[in-house]
2 protein chains.
Amino acid sequence: MFKKVLIAEDHESASISVQKTLTDLNIFHDNRNYVFYCDDALSRIQKAISEGEPYELLITDLSFDEDSPQVVKSGSELIKAARNIQPDLKVLVFSIENRVSVAAGLMSELDIDAFVPKARNDAKDLKAAIEKMAADRKYLSPNLKKTFSPEPAFTFTDYDKTIISMLANGKPQKDIPFYLQRNSIKPSSLSSVEKRFNTIKTILDISSNEQLIAYCKDRKII
Amino acid sequence: MFKKVLIAEDHESASISVQKTLTDLNIFHDNRNYVFYCDDALSRIQKAISEGEPYELLITDLSFDEDSPQVVKSGSELIKAARNIQPDLKVLVFSIENRVSVAAGLMSELDIDAFVPKARNDAKDLKAAIEKMAADRKYLSPNLKKTFSPEPAFTFTDYDKTIISMLANGKPQKDIPFYLQRNSIKPSSLSSVEKRFNTIKTILDISSNEQLIAYCKDRKII
DNA sequence: TTTCCTTTTACGGAAACCCGTAAGCTATTC
DNA sequence: GAATAGCTTACGGGTTTCCGTAAAAGGAAA
């Protein structure tokens with residue numbers, strides 16, 4: 001079982017629960033092993049390494065309230081930075097995010113070891129995850145939502161997100177080409193933009209740009 | 001100080017933290033005084049009344065994951081139902097919602113006694129709230145966000161939400177009059193709908209319908 | 001009923017969007 | 001270099017939206 005664990009979680013109440021879970025698992029845990037900011041988490045990890053007693057596990061949230069300026073602003077940035085200075089650090093993500101697509105994405109892209117959503121049985125879920133990780137296994141929570149009903153096989157490209165965001169920001173479609181050229185983004189003609197919107201809407205069975213914005217906002221795509 | 005408190009919270013970890021807070025405040029709290037579903041909360045309250053030992057305080061979340069069919073589906077419904085059978089019950093809302101406008105709305109409309117957002121210092125915040133309530137005072141957390149930057153003095157009417165939702169669902173603007181007439185909603189001409197959209201967008205300094213949808217989705221208006 | 005005011009509806013032209021077709025461009029292959 | 005395929009752009013006309021103006025309908029008071 002783990003001996004040295006760091007908790008990065010900005011919600012005090014959530015942090016307390018995680019600490020209690022560690023206690024229940026007989027993992028020694030003192031007051032200095034939890035932080036409320038990503039920057040603090042990173043410096044703790046760095047310090048632990050230089051003291052020759054590196055952390056074995058990082059439990060982190062994904063989104064952190066930005067009430068004071070931070071270098072590292074999100075859980076995923078923290079994970080990247082931490083892995084950069086300590087590649088063997090195990091990582092458990094504990095977040096309100098409950099879409100299996102997001103969790104699986106973190107598994108494959110950031111190679112996290114476990115994902116537990118803050119949901120009905122999250123405390124038990126946490127324990128199961130930690131035990132699994134202690135046995136060197138990955139853990140993807142069974143409490144994750146199968147995202148939206150029939151998940152359409154479509155992933156938005158950066159280009160898509162760019163032009164959709166422009167629409168959502170009130171830019172008229174006909175002006176989008178100008179801004180694309182300005183930033184030298186490849187297909188920049190109005191015709192291309194129109195075609196792309198049309199393709200997206202056809203695939204997703206969406207009939208208007210307004211509905212597309214609603215769709216993207218609901219799924220936090222933009 | 002309170003002696004009998006009920007916790008309605010679907011997140012196990014959050015519930016654990018609230019329980020710990022009550023313990024820290026020397027409020028006697030046993031295993032049977034927390035529930036994960038609103039329906040259970042209501043029946044507990046009812047039972048406590050009939051046993052002659054009613055609860056003094058209800059601590060509840062606002063949104064509950066609907067993983068099983070429930071009669072009472074949200075915190076606000078629970079509060080209404082609870083107050084219906086026990087008008088003197090004190091209520092503290094503990095939610096991820098952090099907009100002061102929402103909290104103030106609950107204060108005035110449901111006459112809740114305290115609102116604490118799940119945020120950085122929520123555990124300390126909870127303690128402060130409970131102590132304040134024990135002294136028969138109301139408590140509006142200082143950690144609430146002043147909502148969006150300059151809060152525009154504009155509130156969406158039901159009519160507004162109806163027509164905006166139609167747009168967001170992909171209905172073309174020109175077809176909206178038909179559906180309004182069908183449900184006998186008052187101004188139903190295309191001209192009226194156009195004018196209303198124009199008024200809303202002018203007031204909010206929004207230039208397109210797409211941006212309006214984004215605005216409403218961001219603020220959870222629709 | 002008449003008058004006045006507000007709300008709702010009708011209308012029309014300009015602008016924007018939608019969508020199909022065709023032309024142009026680029027890169028790979030022969 | 002020529003040919004082909006795939007991507008990008010240009011163009012055009014039908015539809016929808018935008019927005020101003022004016023007519024019609026409702027409501028309250030005289």
Side-chain angles (χ1 to χ4, degrees), chain A residues 152-219 221-222, chain B residues 152-219 221-222:
Chain A
F154 181 79
T155 46
F156 289 81
T157 66
D158 287 344
Y159 181 80
D160 296 338
K161 291 177 191 172
T162 302
I163 61 179
I164 292 172
S165 295
M166 287 181 183
L167 265 195
N169 290 333
K171 207 174 294 305
Q173 197 179 101
K174 71 179 177 60
D175 289 354
I176 291 181
F178 174 75
Y179 289 90
L180 289 177
Q181 284 166 21
R182 212 184 198 185
N183 300 56
S184 49
I185 296 174
K186 301 205 342 205
S188 65
S189 74
L190 180 56
S191 190
S192 294
V193 173
E194 290 173 347
K195 242 181 251 309
R196 188 61 195 159
F197 276 128
N198 186 46
T199 302
I200 296 171
K201 288 187 285 187
T202 301
I203 293 175
L204 297 177
D205 193 29
I206 281 175
S207 58
S208 72
N209 284 349
E210 289 90 340
Q211 192 181 6
L212 177 60
I213 300 297
Y215 179 95
C216 291
K217 284 290 182 185
D218 283 343
R219 282 143 226 256
I221 291 163
I222 57 168
Chain B
F154 180 79
T155 46
F156 289 81
T157 67
D158 287 343
Y159 181 79
D160 297 338
K161 292 177 190 171
T162 301
I163 60 178
I164 292 172
S165 295
M166 286 181 184
L167 264 196
N169 290 332
K171 208 174 293 304
Q173 198 179 100
K174 70 180 176 61
D175 289 353
I176 291 181
F178 174 75
Y179 289 90
L180 289 178
Q181 284 167 20
R182 213 184 199 187
N183 300 56
S184 49
I185 296 175
K186 299 194 354 200
S188 65
S189 74
L190 179 56
S191 189
S192 294
V193 173
E194 289 173 347
K195 239 180 252 312
R196 188 60 194 159
F197 276 128
N198 185 46
T199 302
I200 296 171
K201 288 187 285 187
T202 301
I203 293 175
L204 297 177
D205 192 29
I206 281 174
S207 58
S208 72
N209 283 351
E210 289 89 339
Q211 192 182 8
L212 177 61
I213 300 295
Y215 179 96
C216 291
K217 285 288 182 185
D218 283 343
R219 281 142 228 258
I221 291 163
I222 58 168

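Chain letters run A, B, ... following the sequence lines, proteins first and then strands; every chain starts at 1. It should be emphasised that the depicted structure is a prediction, and the values quoted were computed from it without experimental measurement.
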Any donor-acceptor N/O pair, Thr199(B) side chain to Lys195(B) backbone, under 3.5 Å: yes
Touch class at under 4.0 angstrom, heavy-atom based, for Glu194(B) against every strand present: base
Among dT8(C), dC19(C), dA10(C), the one nearest Lys186(B) by side-chain distance: dT8(C)
Lys174(B), nearest nucleotide to its side chain (from dT8(C), dT17(D), dT9(D)): dT17(D)
Base dT21(D) paired with Lys195(B) side chain (donor-acceptor, <3.5 Å): yes
Nucleotide dC17(C), atom P - distance to CD1 of Ile176(A) in whole Å: 8 Å
[N] phosphate, OP1 or OP2: any side-chain N/O from [X] under 4.0 angstrom?
{"X": "Ser192(A)", "N": "dT9(D)", "result": "yes"}
{"X": "Asn209(A)", "N": "dC18(C)", "result": "yes"}
{"X": "Ser188(B)", "N": "dT9(C)", "result": "yes"}
{"X": "Ser189(A)", "N": "dT9(D)", "result": "yes"}

Flag side-chain contact, heavy atom, 4.5 Å: Asn209(B) against Asn209(A): no
Note, Ile164(A) side chain near Ile213(A) side chain (heavy atom, < 4.5 Å): yes
Over-ring placement of Arg219(B) relative to Tyr215(B), 6.0 Å and 45° cut-offs: yes
